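Each chain gets a letter, A, B and so on, in the order the sequences are listed, and its residues count up from 1. A quick note: this is a predicted structure, and the numbers were derived from the prediction, not measured.
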Number of protein chains: 2
Amino acid sequence: MSRLCPAVNKSSVLGQCTPGNNLSSAPQMGWGDLGVFGHPAKETPNLDAMAAQGMLLTNFYTANPLCSPSRAALLTGRLPVRNGFYTTNGHARNAYTPQEIVGGISKDEILLPAMLKKNGYVSKIVGKWHLGHRPAYLPLENGFDEWFGAPNCHFGPYNSSITPNIPVYNNSEMLGRYYEEFPINVKTGESNLTQIFLKEGLEFIHRQTKAQQPFFLYWAPDATHTPLYASRSFLGKSQRGRYGDAVMELDYSVGQILSSLQSLGIEKNTFVFFTSDNGAALTSRTNGGSNGPFLCGKETTFEGGMREPAIAWWPGNIKEGTVSQQLANVMDLFSTCLSLAGISAPDDRVLDGLDLTPLHGRLPIFYYRGNEMMAVRVGQFKAHYWTWTNSMEEFKQGVNFCAGQDVPGVTTHNQTEYTLQPIIFHLGRDPGEKFPLSVLTKEYLDALRSVSAVVEYHEKTLVPGVPQLNMCDQAVMNWAPAGCEKLGKCLDAPKSKPWKCSWPH
Amino acid sequence: MSRLCPAVNKSSVLGQCTPGNNLSSAPQMGWGDLGVFGHPAKETPNLDAMAAQGMLLTNFYTANPLCSPSRAALLTGRLPVRNGFYTTNGHARNAYTPQEIVGGISKDEILLPAMLKKNGYVSKIVGKWHLGHRPAYLPLENGFDEWFGAPNCHFGPYNSSITPNIPVYNNSEMLGRYYEEFPINVKTGESNLTQIFLKEGLEFIHRQTKAQQPFFLYWAPDATHTPLYASRSFLGKSQRGRYGDAVMELDYSVGQILSSLQSLGIEKNTFVFFTSDNGAALTSRTNGGSNGPFLCGKETTFEGGMREPAIAWWPGNIKEGTVSQQLANVMDLFSTCLSLAGISAPDDRVLDGLDLTPLHGRLPIFYYRGNEMMAVRVGQFKAHYWTWTNSMEEFKQGVNFCAGQDVPGVTTHNQTEYTLQPIIFHLGRDPGEKFPLSVLTKEYLDALRSVSAVVEYHEKTLVPGVPQLNMCDQAVMNWAPAGCEKLGKCLDAPKSKPWKCSWPH
């Protein structure tokens, strides 16, 4: 996912006040997919220009190597293990919100748009929601004022005659479904969805600017996720195949949003942030993204799974061409946006992010699968307590999260425990996690000491949330979303037969 | 190696004429070592700025995955297999010029500085020469007017009491030796060599500018090759360890050269080019460079061994922020510099480079080890006719040219022949050479057809040069370089006992 967040400027530069937050998030675009992060195709001129005009963050992390928990963390400022976006079915499993999922974002959580409302912000999400699709979990029930997009990610079966196709909502009612009112041609890869999402985002920005109301736009298209698509003017344009076409259209859209802010004259009041919700999936032979120099990809807690492209843009406030090496995290955006909006963060709960606006020491980065802390990064040192890529059975069937990469004892296909003697990498010298520090060195012992203290404190103080991603049920799928009656598009739901979801990764 | 080449501007902008060529080359700095090519440490502000002010070339290749042949190709504009910088000892072996080497650059070759002399250019090489160290092979015998630096690369044994330490020449006479008059502390990593090379380069630029004489500076320091060193002000400064310190000092030096050209007011007359002579070596646990998303490194014909960082800089002539996707090659610099200097290229021999100044269709890229064409790139398609990383014996001893990477059937430890059915990658979709095209597809057959035509023509017309790197002899080492008498630093050479050099890779 890519996130664009026009945000608050308390001391408005132009004497007006149209503060905005733009968070843009691209599903599974990797660190190395942008030209500015080294992709040799160099096909992201708009994102590259955004970085040249703003700040590039080279040590920016997501909170989970999968989409739903990452997005829950962004909007709550809390680790998925706290906010409930995890599973305890099986050990160390990544989970998300397919149509069968029973759970969703807990009512006990406070989301960023609900907080921003305190200072008069109007918030809209455009694109993929992914925090639960049952009525109580939808965006308008959780702080957003407007929504245009789909509740779930777009997995197969595509254009199914048996299960419901993913609906597209306009606010609280469905407008239609993928493949039906919103065509996607899986064969040719043509679809106008990204253009539609772009138009919705731009219209919101224009409307809010005209109304002189501060706004928060969370622009989260579902491109570049599979099935890959692009509109006709982008299809076949990339050196990189259809994945590249989707990246180019996403890049174009971000460029349109930025230039629209500029032509409206609100760019100096608008904080924009671009990132992705997990690393690129390396499982596809022809349609994969790039995680640059990092190990493995999506689904894993290696750097390729969780280090993300990140660009902050705010003309007049962020010096152009800035590069930040600071460890930072998608959960920091919660605290940062609140701070920019002049709103105090909630004090009744643990937050895992920091306000990035002041300079300060950094929190560690935690790498989770399910409720297992697989690894932790403190400064330049990353300690792996557990290693796992995917299972040997899957691997033998050709599913490989680390295509072309193999670090013995590290990219393991059995869940391998190193809690007594973690594998430690120095990510400055070895960003690709290829050369573990020798356990006999002073450097290892010093690193272990500082990491252990952090882990001990974290584990002692952690209160896990109720896991929302344990139960599945065919009855909860998008059979009859609100608004389906008017359209004559309600489907009959089967009887409820809940089961413990099976999460293979 | 890194190459800086201030070059000719025929129609001088400032009404004066101090055209220069600056080629700067860094030994074994990888594609991914620069911030602008995606290194997460982002510690090359000067090279990144050079790219922002000039042109980044993302499809730029060296002519060989090892230093000597690569440099011979740069200066002759010809493939090593033509200019004699290869070996036929063993199949498909990389060779270079250690002190025992008998051969060197053939008298039949014409080097770039000899050609530039026709239009009044004064040429200097600063740093590592590497085209043979016996008297007839040295720079001043081969077209250069000035030289400051070492004839060989700086391999062990370091500070040896048995074999001669590498001499440092000032023009035609030695000034001293590494570890003796030119200290390198292998333990602390401190040495001022890069600073000395920088000073020599800057003095030459100043002198030529004052004299209003066109110049060609080939600035080729031996950092970032092992043994790694940096001057005191850079030691310990990098996130990446000592390798990073050396990279930072190289980056600083390039910045000093560029700002010096600007303060002299000759930047609009000066074409500067930066590149490296081979990919980063991935064999070191703690001191390796990065080849970004590419497969394997130095010594191999995979992309990591031969795709190089490349930046062209020429204010007022090259539009700032340009990115070129054109296939280009270190041998193109020969033709390009001649063209910029208004000199016709020699017409009595085959040249493997093109003048990059006009827009034109691209030559293929040939990937050689010894006299074996291992692979060829035509457009986006790269066909491997032979694969080999290093031998199984070496690999079992821990030497790995593809650390952390393993593509079955591709990163082989036996020399594996695929001439009947080459392995073909689409480098646009798959820059990391991980997913061979299926031989059953139309895409494979089409690619094979166009690649085969290129290979057939190349092989039919190829006249290999006499191999210069077959014979070794202890007697030819730097025992008594010119000038050693004055310094009392001549050493006794042993009797000549030539042998066929053994090249393991």
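- The minimum heavy-atom distance between B:Arg429 and A:Gly241, with the atom names listed, is CG-N, 3.7 Å.
- The greatest number of non-hydrogen atom pairs below 4.5 Å with chain A, out of B:Val407, B:Asp406, B:Leu34, is found for B:Asp406.
- Between B:Pro40 and A:Glu303 there is no side-chain heavy-atom pair separated by less than 4.5 Å.
- The CD atom of B:Gln239 lies 8.5 Å from the NE2 atom of A:His426; values are rounded to the nearest 0.5 Å.
- Heavy atoms from other residues, nucleotides or ligands lying under 6.0 Å from NZ of B:Lys319 number 12 at most.
- Ranked by heavy-atom pairs shorter than 4.5 Å toward chain B, the options A:Gln325, A:Gln405, A:Gln380 are led by A:Gln325.
- Scanning all heavy atoms of the two residues, the minimum distance from B:Thr58 to A:Lys42 falls at CG2-CG, 3.6 Å.
- Scanning both residues, B:Pro431 and A:His39, for their nearest heavy atoms gives CG-NE2, 4.1 Å.
- Contact annotation for B:Leu427: neither backbone nor side-chain heavy atoms come within less than 4.5 Å of a heavy atom of chain A.
- Taking NZ of B:Lys434 as the reference point, atom SG of A:Cys402 lies at 9.5 Å (rounded to 0.5 Å).
- Interface remark: B:Ala403 contributes backbone and side-chain atoms alike to the contact with chain A (heavy atom separation under 4.5 Å).
- Within a 6.0 Å radius of CD in B:Glu320, other residues, nucleotides and ligands contribute 12 heavy atoms or fewer.
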